[in-house]
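To start, the structure itself, in structure tokens.
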Amino acid sequence: AEGDTVRVPLRPEDLLVRAADTASTAEPLRGEILDARYRGVTLDLVIRLDSGQTLTASAFFNDAIAGPDGTPGRRVAVGWTPGRETVLGA
């Protein structure tokens, strides 16, 4: 119901990360890169959101090229692939 607290679990590969200065309203969360790990064909980014929460986002290397370069401290915006979210009650 409206006003209820919910949880929205997302897989790291369903998150979309863009440089903060190129983001749109489709990436509503803001934060900064803490660490980047190149794993062959994927790039894993550890991001601290402005809320203080930490998350990991994964992108195939070709998809990551459009996003941030992985430099720690870089400001980013985070969203998710529409339709991949699952809303759970609190």
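FYI, the numbering just counts along the sequence from 1. Computation of the quantities below employed the complete heavy-atom set of this structure, encompassing side-chain atoms and omitting hydrogens, waters and symmetry-equivalent molecules. None of these values were measured; they are calculated from a predicted model.
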- Query: Which residues pass the side-chain contact (heavy atoms from CB on, under 4.5 Å) test with Leu29, sequence neighbours left out?
  - Reply: Leu49, Val78
- Nearest heavy-atom approach of Leu43 to Tyr38 is CD1-CE2, 3.4 Å
- Item | Test applied, side-chain contact (heavy atoms from CB on, under 4.5 Å); reference residue, Ile47; option that passes from Thr54, Leu34, Asp35, Val17 | Val17
- Note on the structure: dist Leu45:CG -> Thr56:OG1 (nearest 0.5 Å) comes out at 8.5 Å
- Message: Would Arg30 and Arg75 count as a side chain to side chain contact (heavy atoms under 4.5 Å, CB included) here? Give the steps.
- Response: CA-CA 7 Å; Arg30 299 291 186 266; Arg75 296 286 301 164; 3.7 Å; yes
- What are the two closest heavy atoms between Pro28 and Gly79, and how far apart are they? CD-CA, 4.0 Å
- Please list, chain by chain and in numerical order, all residues satisfying salt bridge (charged side-chain N to carboxylate O under 4.0 Å, His left out) with Asp4, sequence neighbours excluded. none
- Message: Within the structure provided, determine whether Val76 and Glu32 are in side-chain contact (heavy-atom separation under 4.5 Å).
- Response: no
- Query: Is any side-chain heavy atom of Leu55 closer than 4.5 Å to a side-chain heavy atom of Leu15?
  - Reply: yes
- Would you name the heavy atoms of Arg37 and Val46 that are closest together and state the gap between them? NH1-CG2, 3.7 Å
- Under the side-chain contact (heavy atoms from CB on, under 4.5 Å) test, which residues partner Arg11, sequence neighbours left out? Glu13, Asp14
